Amino acid sequence: MSYKQEEIDGLERRCKIMQRKISLLEEELILAIDASAKFKIEHELNELKPKLAAAKRELEDLLTAKSSVEKSSSKKPAAKLHDHHRLTCDRKEQNTQFKGIEYAQEHQVNFLYIYGFDRHEHEALVERFAYELRGVMKDYLDPNLRARCKVEQAETIYLELNDNIEAYKIEVLSQLFTVFGVDTHTCGPMLQRDLKYLWQHSARLQSLQAQDYVCCYLMIPEMDWNKEITPQVVTWFIDEFCGSTLPPEAPGFFFFFGIEFEEEDSEVKGEVKTAIRAGGRRVQILPELNSLGEKDLKQWFNRYKKQLPRRTKYTDYFKTEDIYYMDDVVVELQRLIDTINHPTS
């Protein structure tokens, strides 16, 4: 399929205009009292939504064609081992539980707690989950494997402690809206907005379809943890901000609340476990992140044996230690992958 950039630009403008009109009509429908006025608005919505869906499909086809042309014109050789495999050392328990949630498809919006020492790379685990959702983690076995969907991985949201609960909530939403390109100065009272509003008004989110996903990491460092305030804000985020039902054409959402301890045996670990377990069934708790061992590294090197230089061992890249921290491991594995993909002449 051929494409012209002006066609893409025109379709993107049409989609934005139609989406904006749909959002305004939906707001009018909520406020409408007269039955005939409601009927007229519903009739317009029923006509507009299929047109928007068709325009999005056409835009997606053109963007795919553009991507194919750009890829074919690139002289960059295919990677022997893609960068995301630096993320796959251990974390079996967490990944197994996450895949179970993904496959169950019980909820369109999902919430998970990740906790552990900050050197265990909470964000790297979220990045791994995003690649798992794309379905590309087995591309080392099949170089032709392509992503089955789009996944938007949002920039990290920092939950900085604030004793003023309302100000705390507004700051969380301000970061979230900014990340997804929604102007916080034109959306009215922040606490009256919800996830559905964010989805409707974000061009970044509107580019996604029902089979796609959004991953968002909300970081809670130990110094910003408060056993009274933090669970209260998390509960508000889940029950109120994300409480409205999204339409079936919206993507799936995964929100990860990451509690990062300053020490392996943090003094607040006990109260964190107690608090998050009291959060109810709506939020899943992943197993605590722990350090890595020799076996974990050996298994990683065995998995990618065919992609690695002959007779490569983990001790060629790692000193013999009793434990390894993920922040060190991902750096060293990235260096190894770079060596494989860009060998010196």
Side-chain angles (χ1 to χ4, degrees), residues 5-27 48-49 51-53 55-60 62-64 66-67 70 108-111 123 126-127 129-131 133-134 147 149-160 167-219 236-238 240-258:
Q5 187 58 47
E6 54 265 33
E7 289 182 272
I8 293 175
D9 295 340
L11 270 172
E12 286 178 337
R13 285 194 296 270
R14 280 175 53 200
C15 287
K16 287 179 182 179
I17 291 169
M18 284 192 284
Q19 184 58 58
R20 179 61 179 161
K21 188 169 183 180
I22 287 171
S23 298
L24 292 172
L25 286 170
E26 286 178 336
E27 290 177 7
L48 266 177
K49 286 184 176 180
K51 290 180 180 178
L52 176 59
K56 282 185 176 181
R57 286 193 296 272
E58 187 179 352
L59 177 59
E60 181 69 22
L62 287 172
L63 289 172
T64 301
K66 179 183 178 181
S67 177
E70 289 175 346
Q108 193 173 8
V109 184
N110 297 274
F111 309 94
E123 288 181 77
V126 174
E127 186 180 356
F129 290 155
Y131 281 108
L133 290 170
R134 292 185 183 101
C149 65
K150 288 183 179 180
V151 179
E152 277 288 341
Q153 186 174 358
E155 292 75 14
T156 296
I157 305 296
Y158 173 29
L159 270 62
E160 183 177 357
Y168 192 167
K169 294 175 183 177
I170 290 171
E171 174 58 23
V172 172
L173 295 188
S174 177
Q175 290 186 59
L176 189 64
F177 278 46
T178 301
V179 159
F180 288 109
V182 177
D183 189 347
T184 58
H185 296 97
T186 60
C187 64
M190 293 289 290
L191 295 180
Q192 293 180 19
R193 301 308 182 189
D194 57 15
L195 182 59
K196 184 178 180 181
Y197 177 92
L198 177 62
W199 170 73
Q200 289 173 333
H201 291 79
S202 167
R204 186 175 175 184
L205 295 179
Q206 283 296 311
S207 68
L208 304 177
Q209 299 182 19
Q211 73 271 18
D212 300 326
Y213 294 97
V214 179
C215 290
C216 187
Y217 179 64
L218 297 95
M219 176 180 67
W236 156 79
F237 186 85
I238 294 171
E240 295 186 37
F241 178 72
C242 299
S244 60
T245 302
L246 291 173
E249 64 268 24
F253 285 80
F254 285 91
F255 290 102
F256 301 90
F257 300 98

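None of these values were measured; they are calculated from a predicted model.
- Here the CG-OG1 distance, from Leu195 to Thr245, works out to 10.5 Å after rounding to the nearest 0.5 Å.
- At a cut-off of 3.5 Å, with distance as the only test, a side-chain donor of Gln200 or Glu26 sits close to an acceptor on the other residue.
- No side-chain heavy atom of Ile157 sits less than 4.5 Å from a side-chain heavy atom of Met219.
- Ring geometry, Phe237 versus Phe255: the interplanar angle exceeds 60°, so the pair is classed perpendicular (tilted spans 30 to 60°).
- Summarising the geometry, atom NZ belonging to Lys16 is positioned 10.5 Å from atom OG belonging to Ser207; distances are rounded to the nearest 0.5 Å.
- In terms of heavy-atom proximity, Val214 sits nearest to Pro251 at CG2-CG, 4.2 Å.
- With rounding to the nearest 0.5 Å, the separation of CG in Asn110 from SG in Cys215 is 10.0 Å.
- Residues Ala210 and Pro248 approach most closely at CB-O, 3.3 Å, considering heavy atoms.
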Original post:
Passes side chain to side chain contact (heavy atoms under 4.5 Å, CB included), Tyr213 versus Glu152? Steps please.
Top reply: CA-CA 6 Å; Tyr213 294 97; Glu152 277 288 341; over 6 Å; no
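- A heavy-atom distance below 4.5 Å is not found between the side chains of Glu249 and Gln209.
- In this structure, Ser174 contributes its side chain and Ile170 its backbone to no donor-acceptor pair below 3.5 Å.
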Original post:
Should Cys216 and Leu218 be marked as a side chain to side chain contact (heavy atoms under 4.5 Å, CB included) after you check the CA-CA gap, both sets of side-chain angles, and the distance that decides it?
Top reply: CA-CA 7 Å; Cys216 187; Leu218 297 95; 4.3 Å; yes
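- Counting only distance, with no hydrogens or angles, the side chain of Gln175 and the backbone of Tyr158 share a donor-acceptor pair below 3.5 Å.
- In summary, the side chains of Gln206 and Lys56 do present a donor paired with an acceptor at a separation below 3.5 Å, with no hydrogens or angles considered.
- Nearest heavy-atom pair across Arg134 and Val151 is NH2-O, 2.9 Å.
- Remark: aromatic rings of Tyr217 and Phe257 are distant, center separation not under 6.0 Å.
- No donor-acceptor pair under 3.5 Å is formed between the side chain of Glu60 and the backbone N or O of Leu208.
- Residue Cys149 comes nearest to Leu133 through the heavy atom pair SG-O, 3.3 Å, listed as atom of the first residue, atom of the second, then distance.
- The heavy-atom pair separating Gln153 from Arg204 by the smallest distance is O-NH2, 3.3 Å.
- Contact of the Tyr197 side chain with the Gln192 side chain is not registered, since no non-hydrogen atoms from C-beta on lie closer than 4.5 Å.
- A donor-acceptor pair is defined here as one N or O able to donate and one able to accept, closer than 3.5 Å; such a pair exists between the side chain of Gln108 and the backbone of Ala250.
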**OP:** May I have the step-by-step check of side chain to side chain contact (heavy atoms under 4.5 Å, CB included) for Lys51 and Met18, ending in yes or no?
**Re:** CA-CA 8 Å; Lys51 290 180 180 178; Met18 284 192 284; 4.0 Å; yes
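- Ring pair Phe256/Phe111: centre-to-centre distance not below 6.0 Å.
- Here the closest non-hydrogen pair linking His201 and Val182 is O-CG2, 3.6 Å.
- Taking CG of Asp212 as the start and CG of Leu205 as the end, the distance is 11.0 Å to the nearest 0.5 Å.
- Checked by atom type and distance alone, the side chain of Arg193 never pairs as donor or acceptor with a backbone atom of Leu198 at under 3.5 Å.
- Asp194 places no side-chain N or O within donor-acceptor distance of the main-chain N or O of Phe241, the cut-off being under 3.5 Å.
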